[in-house]
Amino acid sequence: MRLSAIYIEDHFLFEKPETINLGGRYYYDISAGGNRLTVRRELNNLFIDNFFNDTAALSKLTLISAVVGQNGAGKSSILDCIRSGFVEYRQAFPHSRLALIGENDSDSIPFIMFSTFSDNIYLLNEEELVEKIKSSSGKVNAEDFSQKMEEKDIVSSIYYSPHFDYTYNENFDGVDANDISFDAILEKDLEDLENKESSTQNQRFSASQELRFKNSIRQLQFQTSELVQQKNIFAEIFNLPTHGFPKIVFRGHDVPELKNLSFHDTPYQFRQLFTILREKAGNERLANRKDTSKLTPKERKYIQLSNERADLKNEIINDLLSVVVRQMEKKNTFLEEGKLDDKFKERVAELSFIDTFKLFIKEHKIVYHGQERKPLPEKITLDLLDLVFSQIDKLPHDEQYTMGYVDNKIDFYHKAIYPEPDIAVKILNLHRRFIIALEQYYFFGVRRDGTRYLDDRDKIDGFINYEPIEKKLSSGENSLLNFFSRLYVHLKENFIDNPFSSKTEKHFILLLDEADLSFHPTWKKLYVTSLIKTIPYFFELIEESPSVQIIFTTHDPLALSDIPNHNIVFLKKDEDEVFAKVLDYIDIARPKSFGANVNDLLSHSFFVKKGLVGEFAKNKINRTINWLNMQLDNKFDKNIKYSEIENDASFHKKVIAMIDEPIVKEKLQRMYVEAIVDEDEIREEIIRLQNKLK
């Protein structure tokens with residue numbers, strides 16, 4: 001399955017309707033009149049089955065296409081047109097009449113992935129018509145020449161862009177559920193920052209710190225996933241560093257209801273827990289603050305350290321509870337449905353703060369219409385706390401605390417620990433499972449088609465944060481990890497681990513908007529190969545292993561040398577023109593691509609006008625040429641004015657010496673010798689000529 005053609009009409013980008021072919025099995029010619037869309041096609045003789053399907057993954061990569069053009073030509077707008085066909089509110093995108101034409105190799109005619117037209121008609125081509133006549137013994141009616149195309153709602157697009165371009169629209173928040181661009185991720189990562197607890201210095205965590213927490217967790221999830229651990233492809237293509245030494249930071253939510261013990265929507269039976277815990281925390285803190293004046297320094301240090309460890313454990317439970325209470329306070333769904341033993345308070349009278357909370361986890365429940373469930377997963381919650389507390393008990397700590405991955409691996413002041421990498425991964429995985437369970441505290445929603453979904457308002461951030469210490473990534477490495485990790489986490493949360501996923505998608509269109517932006521040229525050469533060898537394994541994780549295709553925009557000819565020419569959409573828009581146009585697949589103005597020399601691609605006027613030399617260097621060289629012509633009494637531009645420094649012959653001698661293009665340099669050196677009586681330069685010129693004669 002693949003998206004093979006796009007029809008766009010009444011769009012600000014084009015003066016007239018455009019049909020865009022993406023390199024599928026057929027070339028399409030599409031027209032429209034009123035509400036009728038008419039589709040014709042002819043065979044693409046250069047199409048090769050499974051040409052890009054170069055892995056053993058169950059998900060097949062059916063097509064790769066590229067969209068290229070000058071700045072402002074509309075590359076991103078083409079991706080937006082595709083996206084608009086798969087979102088709930090198309091009005092968030094620029095207006096257009098649109099049709100997305102799909103091919104399925106098992107179908108005899110194309111199908112509609114999306115169309116704003118009510119009547120979508122396919123006209124048989126000559127070969128198909130001949131075949132139909134043969135199969136019908138020559139009896140063909142007029143209606144047999146055309147067929148109505150079926151619309152199939154089995155496709156989704158995923159959009160990724162690594163740069164921040166202020167495309168967030170507050171009027172259409174979350175318009176594209178599959179938007180993993182930097183704009184969308186930034187908005188999502190920071191949306192709950194104001195509800196997070198302040199640091200121990202009573203200062204809010206900064207936006208940059210929050211972004212680092214969120215991004216680091218995504219990268220760690222990807223790097224420690226089975227996808228990476230079991231597939232050597234990522235290490236074979238890119239030798240990325242590991243996720244570094246971990247720092248785990250505990251941070252609760254700012255919940256006034258919990259601070260004031262003044263609840264509104266938390267189940268009545270559960271509220272006693274918070275009063276009991278607060279009393280126990282105060283009592284334990286007083287009991288631990290004994291007179292240590294008669295003890296040795298070593299004994300005092302031991303008691304102080306024990307108290308700090310106990311306080312940290314209690315604070316972590318409070319952080320966990322802040323998330324729980326905040327979730328429970330969102331709705332009054334279960335005010336009377338929370339159940340806890342009426343004698344719970346008496347039973348925990350002699351228990352510690354921690355043991356009281358653990359007993360609550362074991363015995364609390366929601367009873368709704370005769371069905372019982374635990375809103376807080378017992379095993380996951382207890383396993384998480386036991387693992388964290390075991391680290392607090394055994395990790396070393398001394399008085400000389402310095403930031404970094406050092407011997408002191410507990411920071412009581414900042415509520416942070418520095419466990420071994422494998423332990424950190426276990427903590428974060430348990431924490432993620434805890435949050436997933438908590439997000440299902442309320443009832444799921446039901447779509448019109450009967451499928452279930454999790455309301456975004458029921459989602460919640462956790463209380464455990466992660467950042468790597470002494471991990472240094474280049475911008476290219478970070479960009480690559482961001483792409484892979486955002487895609488992995490998005491698929492994991494929405495299509496793999498999501499119990500509410502409708503799982504109807506048979507095909508995904510991955511839209512990459514200049515995803516190679518920060519790559520080193522060596523990585524740019526590997527860009528297409530890396531996509532081919534990795535992306536199918538991401539989608540293989542989804543039930544039924546849907547197929548996938550990739551459409552990317554780029555400015556870089558390096559990537560295009562891996563793409564067949566008929567798979568490239570060339571958008572042409574000159575500086576003095578208002579509208580762009582799509583170069584037809586037979587247009588001689590289309591640059592060469594597949595297997596073409598990169599230098600030839602780069603020098604093509606479609607990519608770089610007026611040569612490949614930078615404007616600054618070209619200007620300096622042209623001024624030197626003009627100055628030499630002036631000295632030689634040749635024709636020169638009198639409008640060019642020279643400063644006192646530029647009128648010194650030595651200035652131009654140095655400029656010529658800087659030039660690394662040998663032919664230009666030699667020509668200017670000869671002009672200089674002819675124009676200026678410079679004995680040193682004359683001797684150097686004689687030597688150059690002698691060397692040529694050898």
Side-chain angles (χ1 to χ4, degrees), residues 68-73 474-476 516-525 554-561 570 572-577 588-593 595-694:
V68 298
Q70 299 94 335
N71 281 330
S474 68
S475 59
D516 58 344
L517 201 61
S518 301
F519 288 2
H520 184 276
T522 301
W523 281 15
K524 286 179 182 288
K525 284 182 65 177
T554 186
H555 284 289
D556 202 313
L558 278 166
L560 297 185
S561 65
F570 290 99
K572 187 173 178 59
K573 181 183 178 184
D574 293 330
E575 294 177 0
D576 57 344
E577 293 181 343
I588 60 173
R590 292 170 67 96
K592 297 176 181 178
S593 61
N597 184 289
V598 173
N599 290 329
D600 293 341
L601 265 171
L602 188 59
S603 61
H604 196 286
S605 61
F606 186 86
F607 296 101
V608 181
K609 294 186 176 182
K610 302 177 183 178
L612 292 175
V613 179
E615 284 297 311
F616 178 77
K618 184 172 71 173
N619 181 56
K620 289 293 184 184
I621 293 171
N622 283 338
R623 290 178 68 84
T624 291
I625 293 172
N626 192 70
W627 186 86
L628 290 172
N629 282 328
M630 184 169 59
Q631 308 307 313
L632 293 168
D633 291 329
N634 294 333
K635 185 178 179 180
F636 66 95
D637 187 348
K638 296 180 180 180
N639 293 321
I640 297 178
K641 306 300 180 183
Y642 294 93
S643 65
E644 184 178 346
I645 295 175
E646 287 181 304
N647 271 318
D648 190 329
S650 64
F651 172 86
H652 298 284
K653 182 179 180 180
K654 291 177 181 178
V655 170
I656 295 169
M658 291 180 189
I659 299 172
D660 286 330
E661 207 294 314
I663 296 175
V664 175
K665 184 173 188 174
E666 184 175 347
K667 174 64 177 175
L668 293 186
Q669 284 173 332
R670 290 184 179 180
M671 288 178 67
Y672 183 85
V673 170
E674 187 179 348
I676 306 298
V677 180
D678 186 329
E679 294 183 358
D680 291 338
E681 187 63 31
I682 292 173
R683 281 194 292 271
E684 291 176 10
E685 177 66 13
I686 292 172
I687 293 172
R688 280 197 298 272
L689 292 173
Q690 287 175 339
N691 290 334
K692 275 193 168 185
L693 294 173
K694 288 182 180 179

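In this text, all values refer to a predicted model and were calculated from it rather than measured experimentally. Computed over heavy atoms, backbone and side chain alike; hydrogens, waters and symmetry mates excluded.
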Closest approach of Lys620 and Val655, non-hydrogen atoms and distance?
O-CG1, 4.4 Å
Counting only heavy atoms not in Lys665, do more than 12 sit closer than 6.0 Å to its NZ atom?
yes
Atom pair CE/CG of Met671 and Leu628 - distance to nearest 0.5 Å:
4.5 Å
Given side chains that start at C-beta, do those of Asn622 and Asn619 come closer than 4.5 Å, heavy atoms only?
no
Name all residues meeting the side-chain hydrogen bond (donor to acceptor under 3.5 Å, both in side chains) criterion together with Asn634; count only those two or more places apart in sequence or in a different chain, and write none if there are none.
Asn629
Identify the two heavy atoms, one from Ala675 and one from Gln631, that lie closest to each other, and give their separation to 0.1 Å.
CB-CB, 3.8 Å
With sequence neighbours excluded, tell me which residues meet side-chain contact (heavy atoms from CB on, under 4.5 Å) with Ala657.
none
Suppose the criterion is salt bridge (Lys or Arg N to Asp or Glu O under 4.0 Å): which pairs have a residue in residues 637-646, not counting sequence neighbours?
Arg623-Glu646
Could you list the residues that satisfy salt bridge (charged side-chain N to carboxylate O under 4.0 Å, His left out) with Glu577, not counting sequence neighbours?
none
Provide the closest heavy-atom pair for Asn647 versus Tyr642 in the form atom of the first, atom of the second, distance.
ND2-O, 3.6 Å
Glu666 bridged to Arg670 by N-O distance under 4.0 Å
yes
Not counting sequence neighbours, which residues clear side-chain hydrogen bond (donor to acceptor under 3.5 Å, both in side chains) with Lys524? List them please.
Asp556
CZ of Phe570 to CG of Leu560: how many Å apart, nearest 0.5 Å?
6.0 Å
Under 30°, 30 to 60°, or over 60°: which ring-plane class applies to Trp627 and His652, parallel, tilted or perpendicular?
parallel
To the nearest 0.5 Å, how far apart are CD in Glu674 and CG in Leu632?
5.0 Å
Rounded to the nearest 0.5 Å, what separation is found between the NZ atom of Lys635 and the CG atom of Asn626?
11.5 Å
Nearest 0.5 Å, please: how far is OG1 in Thr624 from CD1 in Ile659?
7.0 Å
Could you tell me if the side chain of Leu668 sits less than 4.5 Å from the side chain of Ile621, heavy atoms only?
yes
